[in-house]
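Following: one structure in structure tokens, then a few remarks.
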Amino acid sequence: MEKWNQTSNDFILLGLFPPNKTGFLLLFLIILVFFLASVGNSAMIHLIRVDARLHTPMYFLLSQLSLMDLMYISTTVPKMAFNFLFGQKGISFLACGVQSFFFLTMACSEGLLLASMAYDRYVAICHPLHYPNRMSRRMCVQMIIGSWILGSINSLAHTVYALHIPYCRSRAINHFFCDVPAMLPLACMDTWVYEYMVFVSTSLFLLLPFLGITASYGRVLLAVYHMRSKEGRKKAFTTCSTHLTVVTFYYAPFVYTYLRPRNLRSPEEDKILAVFYTILTPMLNPIIYSLRNKEVLGAMTRVFRIYSSKKA
């Protein structure tokens, strides 16, 4: 195997689980999570599309979040499951680049989209009279397109650089997908410049949006506290706490992973943290938004009644 590593341009993914019964059980749980995430996010997209009451900027942004989560988890889990079940670990040079590109695109775009969703809640609660103008359909579309384009450009730059690094050591990536930081230790050149680029990129696409989200919800919570209507205060707090839960699950492990120096990182810890933002978060998002949102639950009830009446 080691000889193959040195003579082939392909990579080896060492994976997440050991090749035994325990690993098979854990993989089964991951596949179950993948199924739940796929069904949940697809259902959320369909629900927002067919229910007219959810045709608002907030839910339009939420449908894009579900789409990103669906693509996010589909980028990593199928290949990981295939390699484990068929006893393979290889991934071609091109496939590794494609996987890395889509993973980074979803990661950066979702970070920007979450910031857009925080801004939407900030305007809706703190400046309700200006909401139709500040969060018009055109502005909403611009936010979504901007998130996708900026995420893709950043991802393309990182992927192209990573694929042009000369790899003269073992091509065994100690991860379950082609994560660029996990590929850097395999390079036979000094990568400190690129590591600095990763730090800057993480700050721009994750840390700054996170600080913006924190500032937005600081203002929102202050406005909610001064609301006279108990019902309005409860509704606003429920919506904001739902979004803050999603933000915390996504940003905390991501920022902790990518902003640490290499000497403080370990492959095993990175893989465990990656499970949170690549696998668990895409499953939890539709559950959190459906269980803690009366409008979504109401839409689910209405759509279910329509389908039941058609079958009857």
Side-chain angles (χ1 to χ4, degrees), residues 40-41 43-69 109-151 205-251 281 284-303:
N41 285 293
M44 186 67 73
I45 294 171
H46 178 69
L47 195 66
I48 294 171
R49 186 180 66 86
V50 300
D51 193 286
R53 298 186 188 182
L54 300 183
H55 291 176
T56 63
M58 173 183 169
Y59 292 106
F60 192 28
L61 294 171
L62 180 57
S63 69
Q64 290 298 304
L65 179 66
S66 293
L67 177 60
M68 289 179 182
D69 281 339
S109 299
E110 187 161 328
L112 296 174
L113 187 70
L114 288 172
S116 299
M117 294 174 72
Y119 176 76
D120 171 78
R121 291 300 84 202
Y122 163 73
V123 176
I125 295 173
C126 297
H127 303 283
L129 298 179
H130 299 283
Y131 185 78
N133 293 327
R134 291 193 182 183
M135 282 303 298
S136 63
R137 185 177 182 84
R138 181 179 180 182
M139 175 60 70
C140 190
V141 171
Q142 287 176 347
M143 285 180 168
I144 292 171
I145 293 176
S147 298
W148 281 100
I149 291 177
L150 291 175
F205 285 89
L206 291 176
L207 189 58
L208 288 182
F210 179 72
L211 293 176
I213 290 171
T214 304
S216 296
Y217 279 110
R219 294 287 302 276
V220 166
L221 292 176
L222 186 63
V224 170
Y225 178 77
H226 289 94
M227 279 185 176
R228 296 181 179 179
S229 171
K230 290 184 178 180
E231 184 178 347
R233 187 188 306 153
K234 183 179 179 181
K235 182 179 179 181
F237 182 77
T238 301
T239 303
C240 294
S241 62
T242 298
H243 187 61
L244 279 174
T245 303
V246 171
V247 167
T248 302
F249 271 112
Y250 181 76
Y251 276 101
T281 300
L284 291 174
N285 284 353
I287 295 175
I288 293 172
Y289 276 108
S290 60
L291 294 181
R292 302 192 64 183
N293 192 309
K294 291 184 179 180
E295 291 179 341
V296 173
L297 289 174
M300 291 174 64
T301 304
R302 289 190 295 272
V303 172

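We use all heavy atoms of the structure for the numbers below, so side chains are in, but hydrogens, waters and symmetry mates are not.
- Listed by chain and number, the residues in a side-chain contact (heavy atoms from CB on, under 4.5 Å) with L222 are H226 (sequence neighbours excluded).
- The structure places CG of L47 at 12.0 Å from CZ of R53, a figure rounded to the nearest 0.5 Å.
- Other residues, nucleotides and ligands contribute more than 12 heavy atoms inside 6.0 Å of the OH atom of Y131.
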With a 3.5 Å cut-off and sequence neighbours excluded, list the donor-acceptor pairs that the side chains of residues 209-221 form with protein atoms.
unit_1	atom_1	unit_2	atom_2	d
T214	OG1	F210	O	2.8
S216	OG	G212	O	2.9

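- Considering CD1 of I144 and CE of M68, their distance stands at 8.0 Å, rounded to 0.5 Å.
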For residues 110-118, run the donor-acceptor check on the side chains, cut-off 3.5 Å, and write out each pair with its distance to 0.1 Å, sequence neighbours left out.
unit_1	atom_1	unit_2	atom_2	d
S116	OG	L112	O	3.2

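- With sequence neighbours left out, the salt bridge (charged side-chain N to carboxylate O under 4.0 Å, His left out) criterion links R302 to D51.
- Heavy-atom minimum distance, P128 versus P132: O-CD, 3.8 Å.
- Contact check for L65 versus Y250: no side-chain heavy atoms found under the 4.5 Å cut-off.
- Taking CD from Q64 and CD1 from I45, the interatomic distance works out to 8.0 Å, rounded to the nearest 0.5 Å.
- Rounding to the nearest 0.5 Å places CG of N41 at 7.0 Å from CG of N285.
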Give the table of side-chain donor-acceptor pairs shorter than 3.5 Å for residues 56-63, with sequence neighbours excluded, one pair per line with atom names and distance.
unit_1	atom_1	unit_2	atom_2	d
Y59	OH	N293	OD1	3.0
Y59	OH	N293	ND2	3.1
Y59	OH	E295	OE1	2.4
S63	OG	F60	O	2.6

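- Applying the side-chain contact (heavy atoms from CB on, under 4.5 Å) rule to S136 yields the partners R138, M139; only residues at least two apart in sequence or on another chain are considered.
- The two atoms that bring Y251 and L206 nearest to each other are CE2-O, 3.1 Å, heavy atoms only.
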